[in-house]
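Input: a single structure, listed below in C-alpha cells.
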There are 2 protein chains.
Amino acid sequence: MGRWEPGARERLQGAALSLYSGKGFEVTTVAEIAQVAGLTERTFYRYFADKREVLFAIYDEFTRPFLDGIEGAPQGARPMEIMAAAVATASEFFTVDRQPYSRTRQSVIMANPELHERELLKLASLAATLATALRERGVKQTAATLAAEMGVTVYRVSFELWIADGETRPMAEIASGVFAELGVLTGPA
Amino acid sequence: MGRWEPGARERLQGAALSLYSGKGFEVTTVAEIAQVAGLTERTFYRYFADKREVLFAIYDEFTRPFLDGIEGAPQGARPMEIMAAAVATASEFFTVDRQPYSRTRQSVIMANPELHERELLKLASLAATLATALRERGVKQTAATLAAEMGVTVYRVSFELWIADGETRPMAEIASGVFAELGVLTGPA
C-alpha cells in the first residue's frame with residue numbers, strides 16, 4: 001500500500017465513527033478502524049495520533065473559517081460584530097450533507113466522559129485562538145476573552161439546535177437568531 | 001486511626017496541592033499525599049476517588065452558592081440579573097485567605113492537559129446545573145443555556161483576574177465589572 005491513499009483521512013474518520021457508534025468507543029481498536037476503511041494501521045497513524053484524535057481532527061479544518069471571519073470583518077466593527085462574522089463564516093462548514101455525521105459524532109462524544117472532556121478542551125483552545133485574533137485587531141484583553149467565549153458559546157448552542165431532529169434551517173440562520181437572543185438577554189430591560 | 005479525622009479532607013487537599021505544585025502531579029502518589037497529611041491511604045479514599053478528584057471536590061461546595069443566588073433572586077428578575085445574583089453569591093466563597101490556594105491550584109491545573117480537561121468538564125457541568133435551575137424559574141431553554149454559559153464565563157474570567165498578581169479587589173467587585181463589560185460588548189452601538 002502506497003504512502004498516498006485518495007480520501008484515506010475521510011475513510012478513516014467515517015469508519016471510526018461507524019464503529020464507535022455501533023460497538024462503542026472503548027472496545028474499538030485502531031486495527032478494526034483501518035480494516036473497515038480498507039487501509040493499514042500504519043496509514044491510520046500517518047493521519048491521527050490515536051483513536052481519540054480521529055474525532056477531533058475536524059478542529060484543524062474549521063478553526064480557519066472562524067479566523068477568516070475575524071480577519072475579514074470590516075475596520076471599526078465592534079468585538080461582537082466581529083465574532084458574529086466569525087461564526088457566520090464557520091457556519092458555511094456545516095452543510096446539510098454533514099448533518100448525519102455531525103449528529104452521530106455528537107452522540108458518541110456525549111456518551112463518553114473522556115471524549116466529552118477532549119471536546120471541551122478543543123473548544124476552549126478554539127476560544128483562546130479567537131481571543132488572540134481579536135487582540136491582534138486591537139480589542140482589549142478582557143473584552144477579547146469575553147467576546148471569543150460568547151462567540152464559541154453561540155456556535156455551540158447553534159450547533160446543538162442544528163443537529164436536533166427535524167431542524168431544517170441552515171446553521172448560519174440559527175446562529176444569527178442565537179446572537180439576537182444573546183443581545184436581548186444582555187441588553188437593557 | 002479512627003473513621004473520623006478532624007479536618008482530614010482539608011489536610012489531604014492541602015497536602016495534595018503542595019506535592020502537585022512541588023514535585024508534579026504525574027509523579028505524586030496517593031501514599032505520599034496521605035503521608036504528608038499524616039493520614040492513611042484508606043482515609044484518602046474515604047474522601048476522594050483518586051488523585052485527580054482531590055483537586056475538584058471544591059465543586060461540591062461551591063455549586064450550592066451559585067444555586068442559592070439563583071433561587072434567592074427576586075421574582076421578575078431577568079435571566080442575566082439572576083445569573084449576576086448567582087455569581088455574586090458564589091463570589092463570597094473566594095475570600096482573601098483562599099487566594100494563595102486558588103493561585104497554586106490554577107497553575108497546577110493549567111500545567112497538565114488532563115487536569116485542564118477535567119476542570120472544563122466540571123465547569124460545563126456547573127453551567128448545565130445552573131441552566132436547569134433557570135428553567136425551573138421559567139426561563140426558556142435556549143435563553144437558560146446562554147445565560148448560564150455567560151454567567152460561568154463571567155465567573156471564570158473574574159476568577160482569572162482575581163488570582164492575578166497584585167489584584168486586591170474582592171471577587172464580587174471584579175465580577176460586577178465583568179458583567180458590566182459584557183453588557184457593553186453585547187449592547188447597542
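Note on naming: letters A, B, ... go to the chains in the order of the sequence lines (proteins, then strands), and numbering restarts at 1 for each one.
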Flag the pair A:Glu160 / B:Thr145 as yes when at least one side-chain heavy-atom distance between them is below 4.5 Å, and no otherwise. no

A side-chain contact here means heavy atoms from C-beta on lying under 4.5 Å apart; do B:Leu146 and A:Met150 qualify? no

Using non-hydrogen atoms only, which part of [X] is less than 4.5 Å away from chain B: side chain, backbone, both, or neither?
X: A:Arg156; answer: side chain
X: A:Ala124; answer: side chain
X: A:Thr142; answer: both
X: A:Leu161; answer: side chain

Separation of A:His116 NE2 from B:Leu120 CG (nearest 0.5 Å): 9.5 Å

If I take atom CD from residue A:Glu117 and atom CG from residue B:Leu121, how far apart are they, to the nearest 0.5 angstrom? 5.0 Å

More than 12 heavy atoms from other groups under 6.0 Å of [atom1] on [X]:
X: A:Glu41; atom1: CD; answer: yes
X: B:Gln141; atom1: CD; answer: no
X: B:Lys23; atom1: NZ; answer: yes
X: B:Glu167; atom1: CD; answer: yes

Could you pull out the closest heavy-atom pair between B:Val184 and A:Arg78, with the gap in Å? O-NH2, 3.2 Å

Can you tell which of B:Glu119, B:Arg52, B:Met83, B:Glu114 has the highest number of heavy-atom pairs within less than 4.5 Å of chain A? B:Arg52

Hey, which of B:Val157, B:Thr153, B:Val178, B:Leu185 has the most heavy atom pairs under 4.5 Å with chain A? B:Leu185

